[in-house]
Amino acid sequence: MTDLVSIVMPVYNGEKYIGEAIRSVIHQQHTFWELIIVNDGSTDNTKDIILGISDERIRYFEQSNRGTSAARNYGIKEIRGRYFCCLDADDVLPPNSLASRLKVFESDVMARFVDGTVYVYDSILRSQLSKWSPSFKGRPFHQLVRLSGRCFFGPTWMIRLGEDIKLSFDEDLSHGEDLLLYISIANQGIYNYTDDCILYYRKNMNSTMNNIDGLARGYSYLCSIVRNNYRAETNMIDRFLILARSRKIMFLTFWNRRNYFKAINYMASGRV
């Protein structure tokens, strides 16, 4: 398949890992790609590292610090390809990441979203901590709003673009913005996946997922959006499950971090 893949990479103070992330794109088996890097106001050596890597397929942009979603939206406006995916500046693509997902698109003309297995590693990508694999094929809307976990890990979807697909991350969200985007386009086509690993996810202490208060606010906002904006598309089961599962996730997250008071208070308060 010779279609151009547009990869959008936001980065803020990513000097520690961004070189490795960029090189993982350069080493892809599928070579027809563009990497759109948006520097979100970094104050370290991020810019110098990016500009020190010479490849005509890399396109570099800058903006003042406005957050990951704003940086992704900036990059989306620069897309030239038929296919789109994200890559965070501290993660790594296996060499077959693009090719494996494109192969699914080639074999399934109905697919609009293609995902794959994710290996979760420690901060130095030496020890594998866990693995996530998708387990759903079909229209993904109800799976997403029910937080089933069968077709969502994070910003790992490759999307076949078209006029019916409107890409925009909610810039008011610091957590769950990728899930909300997927919900907004989920009825535009079929979700499929490859069994191959398509991402090495680096788990480190600076990850936004470690801000559990922000994560709680993200789930609360997400639930309100689904409740208010997708009432016609959802049913009672959908609305019950997104509430129940988001509460369970946040309870366990607070509890596992030994923040027992917040865990109990979260459930007792009926938030979300």
Side-chain angles (χ1 to χ4, degrees), residues 5-31 33-76 78 84-101 115-132 153-158 169 173-178 196-212 214-215:
V5 178
S6 297
I7 306 165
V8 173
M9 178 190 289
V11 58
Y12 173 72
N13 288 349
E15 64 179 6
K16 189 172 182 180
Y17 302 120
I18 191 166
E20 189 174 9
I22 294 172
R23 286 189 290 274
S24 77
V25 177
I26 293 174
H27 294 150
Q28 286 299 296
Q29 295 171 359
H30 178 83
T31 59
W33 50 260
E34 62 173 358
L35 176 60
I36 301 167
I37 303 176
V38 181
N39 186 350
D40 186 40
S42 296
T43 58
D44 62 0
N45 293 321
T46 291
K47 179 177 180 177
D48 293 336
I49 293 171
I50 297 169
L51 297 182
I53 300 175
S54 179
D55 192 303
E56 63 183 9
R57 296 168 294 179
I58 298 174
R59 302 168 60 204
Y60 174 77
F61 303 91
E62 295 179 355
Q63 67 174 19
S64 59
N65 181 233
R66 295 173 50 210
T68 299
S69 291
R72 285 177 177 160
N73 286 339
Y74 189 128
I76 285 169
E78 299 294 332
F84 157 77
C85 62
C86 287
L87 175 63
D88 288 342
D90 57 351
D91 293 333
V92 168
L93 298 180
N96 65 336
S97 178
L98 302 183
S100 293
R101 285 177 282 180
D115 210 347
T117 297
V118 177
Y119 292 166
V120 179
Y121 281 92
D122 61 8
S123 62
I124 57 175
L125 297 184
R126 182 170 297 171
S127 298
Q128 184 179 329
L129 305 177
S130 61
K131 181 178 80 168
W132 176 83
F153 174 85
T156 56
W157 288 16
M158 181 180 286
F169 289 90
L173 272 179
S174 62
H175 296 74
E177 70 283 355
D178 40 12
D196 293 342
C197 176
I198 54 90
L199 182 71
Y200 298 148
Y201 175 82
R202 191 191 307 269
K203 191 171 185 178
N204 62 76
M205 293 307 297
N206 294 324
S207 171
T208 57
M209 295 307 291
N210 288 306
N211 177 1
I212 56 176
L215 185 62

Could you report the tightest heavy-atom contact between [X] and [Y], atom names first, then the distance?
X	Y	result
Gln28	Pro94	NE2-O, 2.7 Å
Pro10	Ala71	CB-CB, 3.6 Å
Ser100	Asp196	OG-OD2, 2.8 Å
Asp178	Phe169	CA-CE2, 3.8 Å

4.5 Å side-chain heavy-atom contact, [X] and [Y]:
X	Y	value
His27	Leu93	no
Leu98	Met158	yes
Ile22	Asp55	no

From [X] atom [atom1] to [Y] atom [atom2], the distance as rounded to the nearest 0.5 Å:
X	Y	atom1	atom2	value
Tyr17	Asp91	OH	CG	10.5 Å
Asn39	Tyr12	CG	OH	10.0 Å
Ile37	Leu87	CD1	CG	9.0 Å
Asp115	Trp157	CG	CH2	7.5 Å
Thr68	Leu173	OG1	CG	11.5 Å
Ile7	Ser24	CD1	OG	8.0 Å

Mind checking whether Phe153 and Trp132 have parallel, tilted or perpendicular rings, split at 30° and 60°?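 Ring orientation of Phe153 relative to Trp132: tilted.
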Pairs touching residues 40-52 that satisfy salt bridge (charged side-chain N to carboxylate O under 4.0 Å, His left out), sequence neighbours left out: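 Matches after skipping sequence neighbours: Lys47-Glu62.
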Picking from Arg202, Lys203, Arg72, what satisfies salt bridge (Lys or Arg N to Asp or Glu O under 4.0 Å) with Asp88?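 When Arg202, Lys203, Arg72 are each tested with Asp88, the salt bridge (Lys or Arg N to Asp or Glu O under 4.0 Å) holds only for Arg72.
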